[in-house]
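Below, chain A is the first sequence line, B the second, and so on; all start at residue 1. Since this is a predicted model, take the numbers as computed values, not measurements. Worth knowing before you read on, the calculation uses all heavy atoms, side chains too, and leaves out hydrogens, waters and symmetry mates.
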2 protein chains.
Amino acid sequence: MAKKKPVEADVSTEEKIKEAARKVFTQKGFAATRTRDIAEEAGLNLALLNYYFRSKQALFEIVMMEKLQQLFGNLYPILDEEITTLERKVEMVVHAYIELLSANPDLPLFVLSEIRADPERFGQRIQAGKILRDSYFIKQLRERRPDMHPIQFVMSIMGMTLFPFIGRPVLQAIGSLSAKEYQALMEERKTLIPKWIGAILKVK
Amino acid sequence: MAKKKPVEADVSTEEKIKEAARKVFTQKGFAATRTRDIAEEAGLNLALLNYYFRSKQALFEIVMMEKLQQLFGNLYPILDEEITTLERKVEMVVHAYIELLSANPDLPLFVLSEIRADPERFGQRIQAGKILRDSYFIKQLRERRPDMHPIQFVMSIMGMTLFPFIGRPVLQAIGSLSAKEYQALMEERKTLIPKWIGAILKVK
DNA sequence: GAAATTTTTAATCATTTGATTAAAATATTT
DNA sequence: AAATATTTTAATCAAATGATTAAAAATTTC
């Protein structure tokens, strides 16, 4: 028969729903997302959402955990390398983030908004706290600049790297930049930010 | 009579609603805010909200315009001063922002989230684009570093300044900092960021 | 102080929205 | 191929939510 294996059926219904949920939740946030939006985006019947995932909340939970992992999960392996230099780590982290966020520009605003909506729930679920605090990266920062709180540098690295994606509509308007021009600036920042962090680490 | 002028009546009902709306909208965003939340926060009957402001959307509009002004409106007067040096402007802007955000920590995440929800509507409503682009600040940046796109510096200044408030739950967890300690770091950043931007402007 | 106006309230409406259900369609097992 | 299990659908439910209304209360005007 011709229709034995539907061409698109290689992606399971469950995965279609998750993929649609990733897209819609990330774009609009939990509160502004209607389960019907997700069903429509997936091209599926609304009831399937509850059939496979029980509730909007449960589906969101899954997506949110993925996104937390995506945004923070790859950080620790880089930052806790023992032999890699501080400078090299900054290069790697900044590069990795700009690559990631260029492909997922809504990620940081989504994650940080949802964390704000329920700080204790998600704030705790980031073990990143203890894990990062005891990392070699923090140790290296302390050695290099014992006079400064290491978080001051973390704030600046993350700020310089993430903010262009968080505030993109505003920044793009200020600069009257096309999407292509904006992306070019992001590429440039891959080397710019490490250089600047280097300068910051030196200055007293 | 004892109850001729109710003690709290010096604040009009209309203003009570606006104040409650500011608080709830800023904390939870438009979509997650129910008009009942606002009425309750104001200690008033739900119907008064529509009586004074017609609709949730109309009330939101008012609050949002206020918040846009609060977040971006004070920027231009500082940045377009003709005689003030670049360095001094950075000092002033960073100081003003950290003061503002220490009192209104939810402001940037709120504004940027709502802009993302409808970029063309609010993005355009920030005349900041043209206005800032032609400011003396940008001119000074161009003169100082003709080799760099001025927006690269704007991104970094705003990132370093705003991000600690946008990502506060995460950063506070990473550093296991108390509210007081966190605020102390923000105070420190008032001088730290200008110093760092100075270093960034120099480095080639 | 009576009449008119404005403000406030309680009750209710209409829509939206997350979720459920029973039946139909499809796939799997025997 | 019949029986069974799984997946999908259309219809519907119940609660939440933005908004309205008519009456009551308070205030202002005359």
is_close_aromatic(B:Phe60, B:Phe25), centroid dist under 6.0 Å:
yes

Would you please say whether a donor-acceptor pair under 3.5 Å links the side chains of B:Lys67 and B:Gln70?
yes

Between CD of B:Glu14 and P of C:dT8 the distance, given in whole Å, is 10 Å

Are OP1 or OP2 of C:dT7 and a side-chain N or O of B:Thr13 less than 4.0 angstrom apart?
no

For DNA chain C, what residues of residues 51-58 of chain B have any heavy atom nearer than 4.0 Å?
B:Tyr51, B:Tyr52

Applying side-chain contact (heavy atoms from CB on, under 4.5 Å), name anything that partners B:Glu15, two or more places apart in sequence or on another chain.
B:Val11, B:Ser12, B:Lys18, B:Glu19, B:Arg22

Which side-chain N or O atoms in residues 154-172 of chain A pair as donor and acceptor under 3.5 Å with protein atoms at least two apart or in another chain?
from, atom 1, to, atom 2, distance (Å)
A:Ser156, OG, A:Gln152, O, 3.2
A:Ser156, OG, B:Arg189, NH2, 2.8
A:Thr161, OG1, A:Ile157, O, 2.6
A:Arg168, NE, A:Gln172, OE1, 2.8
A:Arg168, NH2, A:Gln172, OE1, 3.3
A:Gln172, NE2, A:Leu177, O, 3.0

Counting only heavy atoms and a strict 4.0 angstrom limit, can you tell me which residues of residues 20-50 of chain A come near DNA chain C?
A:Thr33, A:Arg34, A:Thr35, A:Arg36, A:Leu46, A:Ala47, A:Asn50

Take a 6.0 Å sphere around CD of A:Glu187 and say whether it holds more than 12 heavy atoms from other residues, nucleotides or ligands.
yes

Those residues at least two apart in sequence (or on a different chain) that pass salt bridge (charged side-chain N to carboxylate O under 4.0 Å, His left out) with A:Arg88 are A:Glu91

Heavy atoms only: give me the nearest A:Thr84-A:Lys89 pair and the separation to one decimal.
O-CE, 3.5 Å

Please list, chain by chain and in numerical order, all residues satisfying side-chain contact (heavy atoms from CB on, under 4.5 Å) with A:Glu82, sequence neighbours excluded.
A:Tyr136

